[in-house]
Amino acid sequence: MITREAKIYPTKKQVKTLDILLEQSRLLYNHCLERKISEYKENKKTLSRYDLQKEVKEYGDMPATLRQVVIYRLNNAYEGFFRRGGFPRFKKYGRYRSILLRQYGTDYRIDGVYLNTWKKYGLQGIKMRGLQKLNNPSSARIVRRASGWYFQVIDEIQELKPKKVKTAVGIDLGLKYFVVDTDSKKIEAPKVFRKSEIKLSHQYRQASKKKKGSNRKKQAYQVVARTQERIANQRKNFLHKTSRYYANKYDLVAIEELNVKGMVKNKCLSKSIQDASWGTFVNMLDYKLKMLGRYLIKVPPHYTSQKCSQCGEIVKKSLSIRTHICLSCGLVLCRDENASRNIMKLGLDKANGQGIPLRSLMTRRTPWL
Ligand SMILES: [Zn+2]
């Protein structure tokens, strides 16, 4: 599964319609949330999706399928929060930003560069730009952002028949460098993020100082939203470029499994962004490799940074120590590169165990094997 995205250019009239549909979805969402909460508090009863659907059959002027997906979305949010002992929040004005189009063929179609959706609402012939060729589109959505309107669609990826493995690499994801690999390549996360983030916090402070409810405040928050979007785009471009590099160059990439539990625990913002970037990177790498008939092997991160990649001795070191120095075999190496070599070894073992044909790789000169 992969999400494809394109910018769309609805007419003024269509924008108005989309805004109305978003606002009606928001009101419906809040209405159903209120109904579920009060029914639970007063009667200890849980209203199901079907109960709600019956209740709001005539609610607002919107396509019936849109009504269904709003209820579906609310129901999912409600169950998620309820399990943890709370209720989801009501959505404030402007906070409902996407319209789900559930099924290709019934809710929407793509004809050439045009998106066609509900005819009754005049949402036809919306021009798109930058959509890649699709294989088997399923659900899609129209999203409102600070910079305009976007169309996102979930598509199946076309996997190529697996190839023989002739080239392999192990990669270590870290904080100092985004990636360090077994071919001694180090890739830093671009500094531009930090610059933009400083700018963002400045803009945010400016906006919060403005008079409440004023037009100036609204405009200032628009500026903030644009910067946020630009940062997200820069990050995405970097992740695409980096994952493309590895997918094109190697038949097999070994990488550590990300520690999801540890991530949730970490409340520090910059860290959580980093974690999210790693997750996105691994997903991008995964589908890019698959589309080329190549392999991504995930290995458990046990001792990959402590173990000596040459002799297997455990060399304890804190995070601040950047060099791996092994007293038992004399290996001196950048700590991340040492880790990447361990990841590579584990990855090749695992691949071998899965019957992935590595023979052509073994005959090549790989000094650390
Ligand atoms: Zn050693």
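Owing to the predicted nature of the structure, the values given are computational and were not obtained by experimental measurement.
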### Task
Establish, yes or no, whether the cationic atom of R67 lies under 6.0 Å from the six-membered ring centre of Y59 and within 45° of the ring axis.
no

### Message
Between the side chains of E256 and K298, is the shortest nitrogen-to-carboxylate-oxygen separation below 4.0 Å, so that they form an ion pair?
### Response
no

### Message
How about CZ on R129, more than 12 heavy atoms from neighbouring residues, nucleotides or ligands closer than 6.0 Å, or not?
### Response
no

### Message
Taking the basic N atoms (NZ, or NE/NH1/NH2) and the acidic carboxylate oxygens, is any pair closer than 4.0 Å for R341 and D172?
### Response
no

### Query
Are any non-hydrogen side-chain atoms of Y96 and R73 less than 4.5 angstrom apart?
yes

### Query
For the residue pair F82 and Y40, is the inter-centroid distance of their aromatic rings smaller than 6.0 Å?
yes

### Message
Could you check whether any side-chain N or O of Q14 sits under 3.5 Å from a backbone N or O of G125, counting only pairs where one atom can act as donor and the other as acceptor?
### Response
no

### Query
Do T182 and E337 touch side chain to side chain, with heavy atoms closer than 4.5 Å?
no

## Note on the structure
When rounded to the nearest 0.5 Å, the distance separating OG1 of T17 from NZ of K12 is 14.0 Å

### Task
Before giving the answer on salt bridge (charged side-chain N to carboxylate O under 4.0 Å, His left out), spell out for D349 and K345 the whole-Å C-alpha distance, their side-chain angles and the decisive distance to 0.1 Å.
CA-CA 6 Å; D349 279 351; K345 267 190 194 162; over 6 Å; no

### Task
Applying side chain to side chain donor-acceptor pair (under 3.5 Å) between K36 and each of N75, D51, T46, report the one that passes.
N75

### Message
Can a side-chain donor-acceptor contact be found between N248 and K288 if the only test is distance below 3.5 angstrom?
### Response
no

### Query
Does atom CD of Q222 have more than 12 heavy-atom neighbours from other groups under 6.0 Å away?
yes

